[in-house]
Amino acid sequence: FRLSLATGVLPLDTPKFEEIWHRCIDEMLNNAKDHSDGESRIVYGEELLHSLERHDVIEKRLLECCESDNFELRFMPIFNAKTLQIDGAECLIRCPALFDIKAGPDEFIPVAEKSNLISKLDMWVISTAIKTYKELADIHQYKGTLSINISAMELYNRNFADNIRKVLERYQVPPSNIIIEITETSYVKSSKLTVQTIESIRSLGLKVSLDDFGTGYTAFNQLLHYPVDELKIDKSFIDNIAHDKADRKMVESMVNLGHSCDTLVVGEGVESLEQYHHLRKANCDLIQGYFFSQPLTYIEFIEFVRDHNPQTILDQQALLEPSTNERVVVLNHK
Ligand code: C2E
Ligand code: CA
Ligand code: CA
């Protein structure tokens with residue numbers, strides 16, 4: 001157990017005090033959750049009001065964007081860890097109307113979840129991603145996968161799998177190359193309904209991936225109870241993999257656990273050659289991160305796939321691990 005304490009101080013003479021004090025309590029709860037360093041902190045009125053105001057601005061703009069479908073997708077390449085061939089891409093949402101206040105999905109997705117906009121937003125992403133997949137496959141002969149993030153709240157939505165089925169039928173896309181990524185928060189319990197939703201998604205032929213694996217304290221439990229095809233080791237473990245032996249051991253255990261449950265294992269947030277080297281050594285199947293590519297626009301992604309040459313990075317990596325790489329090079333030439 002870890003206890004974090006955050007205290008908000010709101011002057012009694014604040015305008016509309018009655019209306020906003022309970023919202024300030026929510027804000028403090030989130031604040032305490034965001035900082036799990038054990039330090040207790042105090043936040044004063046002005047700052048509290050500022051973050052409530054920001055929340056309202058984001059909510060208002062999101063509502064308008066949901067009505068006008070004013071969102072964009074970026075594509076982050078995912079690579080086979082051994083060969084560095086492009087295996088797929090993860091779709092990441094962007095909201096241009098929030099660029100000026102620098103609110104990214106980390107900030108606006110929780111707002112969308114709170115204000116019941118998330119279903120609309122998730123369906124926009126699913127339709128746009130599947131439509132894009134169709135174009136990539138038909139026009140650009142793309143053969144990789146496309147991963148789509150959804151809010152864990154969808155697991156409580158009884159119509160969710162059926163809504164996806166309609167989109168697949170509309171665009172006539174074979175489902176096996178579409179991966180649905182779910183981050184299970186501590187609020188979403190493994191229940192009959194949530195497991196059923198995952199099973200319905202898989203029975204459509206789609207793959208399911210458990211995102212941010214290792215961060216939730218129920219992570220290992222989830223893997224046993226949720227039938228998933230892939231798990232994504234959270235970036236926080238990869239960050240220190242090159243320097244921290246404990247994190248390295250943890251990553252190795254997660255890879256082995258995934259393999260023993262017949263799931264593919266992805267390492268995400270790879271920012272250096274050393275991190276890549278350790279993930280390879282740990283037998284990780286797939287990798288992604290800024291070291292290989294940032295999230296790209298559709299056009300940039302097509303160019304990236306066209307021009308991608310794994311050999312340059314494999315050559316650098318070979319200096320760290322000569323014997324294994326020689327084997328890979330031979331396989332590639334065949
Ligand atoms: P996530 O699913 O864990 O996505 C990975 C996030 O980490 C992305 O941020 C990506 O740009 C970033 N990232 C990947 N590699 C690296 C790296 O090497 N270094 C660093 N510093 N960052 C890296 P982004 O796009 O801001 O997304 C943040 C989160 O927002 C996502 O985390 C996901 O939980 C959520 N999200 C993004 N797109 C969607 C979406 O379409 N629908 C839903 N429901 N949630 C989404
Ligand atoms: Ca993800
Ligand atoms: Ca993640």
Side-chain angles (χ1 to χ4, degrees), residues 58 62 65-66 69-79 88-96 98-99 102-133 145-157 160 163-164 178-185 188 207-216 219 222 228-242 254 264-276 279 284 286-297 300-301:
I58 294 176
L62 271 184
C65 291
C66 279
D69 287 344
N70 186 14
F71 296 105
E72 289 176 9
L73 281 187
R74 296 289 181 269
F75 302 85
M76 185 163 204
I78 302 172
F79 304 82
E90 177 176 4
C91 301
L92 296 161
I93 194 170
R94 296 291 176 265
C95 181
L98 296 172
F99 284 170
K102 296 193 167 56
D106 264 339
E107 191 175 0
F108 69 73
I109 295 289
V111 177
E113 285 178 336
K114 263 196 190 164
S115 42
N116 288 328
L117 294 170
I118 194 67
S119 286
K120 181 107 203 302
L121 191 149
D122 278 342
M123 276 325 288
W124 180 87
V125 175
I126 290 168
S127 310
T128 312
I130 290 178
K131 184 171 156 225
T132 308
Y133 183 83
T145 59
L146 213 51
S147 300
I148 303 172
N149 291 284
I150 58 149
S151 161
M153 286 171 77
E154 302 294 359
L155 299 183
Y156 290 110
N157 176 356
F160 185 64
N163 291 342
I164 304 186
I178 307 289
I179 303 173
I180 301 291
E181 293 193 10
I182 307 164
T183 310
E184 212 214 29
T185 63
V188 180
K207 303 267 167 29
V208 171
S209 172
L210 214 49
D211 204 353
D212 301 341
F213 189 77
T215 52
Q222 288 160 23
V228 297
D229 304 278
E230 177 186 280
L231 62 88
K232 274 196 160 181
I233 301 177
D234 191 65
K235 178 178 182 305
S236 55
F237 295 96
I238 315 293
D239 283 344
N240 300 323
I241 195 174
M254 287 193 261
L264 286 174
V265 182
V266 190
E268 81 171 333
V270 184
E271 291 182 346
S272 70
L273 187 66
E274 286 73 25
Q275 289 171 350
Y276 165 48
L279 281 168
C284 195
L286 300 160
I287 39 160
Q288 67 182 105
Y290 290 177
F291 178 67
F292 304 100
S293 171
Q294 297 262 342
L296 306 168
T297 62
E300 287 168 343
F301 178 65

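Every number for a ligand or one of its atoms is a count from 1 in the order of the listing.
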Colleague: At under 4.0 Å between heavy atoms, which part of Glu154 makes contact with ligand 1: side chain, backbone, both or neither?
Modeller: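 Glu154 to ligand 1: no contact under 4.0 Å from either part.
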Colleague: Show your reasoning for whether salt bridge (Lys or Arg N to Asp or Glu O under 4.0 Å) applies to Lys102 and Glu107.
Modeller: CA-CA 9 Å; Lys102 296 193 167 56; Glu107 191 175 0; over 6 Å; no
Colleague: Residue-level breakdown please: for Thr183 versus ligand 1, do any non-hydrogen atoms fall below 4.0 Å on the side chain, on the backbone, on both, or on neither?
Modeller: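 Under 4.0 Å from ligand 1, Thr183 contributes no heavy atoms.
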Colleague: Looking at Glu268, pick out the N, O or S atom nearest to the Ca ion (ligand 3) and give its name.
Modeller: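 Relative to the Ca ion (ligand 3), the closest nitrogen, oxygen or sulfur of Glu268 carries the name OE2.
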Colleague: Does the protein put a heavy atom less than 4.0 Å from atom 34 (O) of ligand 1?
Modeller: no
Colleague: Would you name the N/O/S atom of Asp212 that lies closest to the Ca ion (ligand 3)?
Modeller: OD1
Colleague: Checking contacts now, so for atom 7 (O) of ligand 1, which I'm interested in, is there any protein heavy atom under 4.0 Å?
Modeller: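 Neighbour list for atom 7 (O) of ligand 1 is empty of protein heavy atoms (cut-off 4.0 Å).
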Colleague: Checking a contact table here: which protein heavy atom is nearest atom 18 (O) of ligand 1, and how many Å away?
Modeller: Tyr290 N, 2.8 Å
Colleague: Geometry only, no angles: is Ile93 polar-contacting ligand 1 at N/O separations under 3.5 Å?
Modeller: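 Yes, there is a polar N/O contact under 3.5 Å.
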Colleague: Is the Ca ion (ligand 2) under 3.0 Å from any N, O or S atom of Thr183?
Modeller: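 Under 3.0 Å: Thr183 has no N, O or S contact with the Ca ion (ligand 2).
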Colleague: Determine, considering heavy atoms only, which of Ala112, Ser209, Pro105 sits nearest to atom 37 (C) of ligand 1.
Modeller: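 Looking at heavy atoms only, Pro105 sits closest to atom 37 (C) of ligand 1.
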Colleague: Atom 30 (O) of ligand 1: protein heavy atom closer than 4.0 Å?
Modeller: yes
Colleague: Under a 4.0 Å heavy-atom limit, does Leu73 contact ligand 1 with its side chain, its backbone, both, or neither?
Modeller: neither
Colleague: Give the residue, atom name and distance (to 0.1 Å) of the protein heavy atom nearest atom 42 (N) of ligand 1.
Modeller: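 Protein heavy atom at minimum distance: Asn149 O, 3.2 Å.
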Colleague: If you measure from the Lys or Arg side-chain nitrogens to the Asp or Glu carboxylate oxygens, is any gap between Glu230 and Lys207 under 4.0 Å?
Modeller: no
Colleague: For the residue pair Phe71 and Trp124, does the interplanar ring angle fall in the parallel (under 30°), tilted (30 to 60°) or perpendicular (over 60°) class?
Modeller: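 Because their plane-to-plane angle lies in the 30° to 60° range, the rings of Phe71 and Trp124 count as tilted.
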Colleague: Can the ring centroids of Phe237 and Phe213 be said to lie less than 6.0 angstrom from one another?
Modeller: no
Colleague: Would you kindly specify which portion of Leu92 sits under 4.0 Å from ligand 1, judged on non-hydrogen atoms: side chain, backbone, both or neither?
Modeller: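 It is both backbone and side chain that touch ligand 1.
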Colleague: Taking both backbone and side-chain atoms of Glu181, is any N or O found less than 3.5 Å from an N or O belonging to ligand 1?
Modeller: no
Colleague: Answer side chain, backbone, both or neither: which part of Gln294 comes under 4.0 Å from ligand 1, heavy atoms only.
Modeller: neither
Colleague: Measuring to the Ca ion (ligand 3), does Glu181 have an N/O/S atom at a distance below 3.0 Å?
Modeller: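 Given the 3.0 Å cut-off, Glu181 does not count as a ligand of the Ca ion (ligand 3).
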Colleague: Between Glu90 and Arg74, does any NZ, NE, NH1 or NH2 come within less than 4.0 Å of an OD or OE carboxylate oxygen?
Modeller: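 Judged by the 4.0 Å cut-off on N to carboxylate O distance, Arg74 and Glu90 do not form a salt bridge.
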Colleague: To the nearest 0.5 Å, what is the distance between CG (Leu98) and SG (Cys65)?
Modeller: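 That separation rounds to 6.0 Å.
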Colleague: How is the N/O/S atom of Glu90 that comes nearest to the Ca ion (ligand 2) named?
Modeller: OE2
Colleague: Roughly how far apart are Ile148 CD1 and Ile93 CD1, rounded to 0.5 Å?
Modeller: 11.5 Å
Colleague: Would you kindly specify which portion of Asp122 sits under 4.0 Å from ligand 1, judged on non-hydrogen atoms: side chain, backbone, both or neither?
Modeller: side chain
Colleague: Please report the interatomic distance CE(Met153) to CD1(Ile182), rounded to the nearest 0.5 Å.
Modeller: 14.0 Å
Colleague: Run down the list Met153, Glu268, Met76 and name the one with the heavy atom closest to atom 14 (C) of ligand 1.
Modeller: Met76
Colleague: Of the side chain and backbone of Gln288, name the one, both, or neither that has a heavy atom under 4.0 Å from an atom of ligand 1.
Modeller: neither
Colleague: Asp234 side chain to Thr215 main-chain N or O, any donor-acceptor pair under 3.5 Å?
Modeller: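 No: the side chain of Asp234 does not pair with the backbone of Thr215.
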Colleague: Looking only at N, O or S atoms, find the one in Asp211 nearest to the Ca ion (ligand 3) and name it.
Modeller: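 That would be atom OD1.
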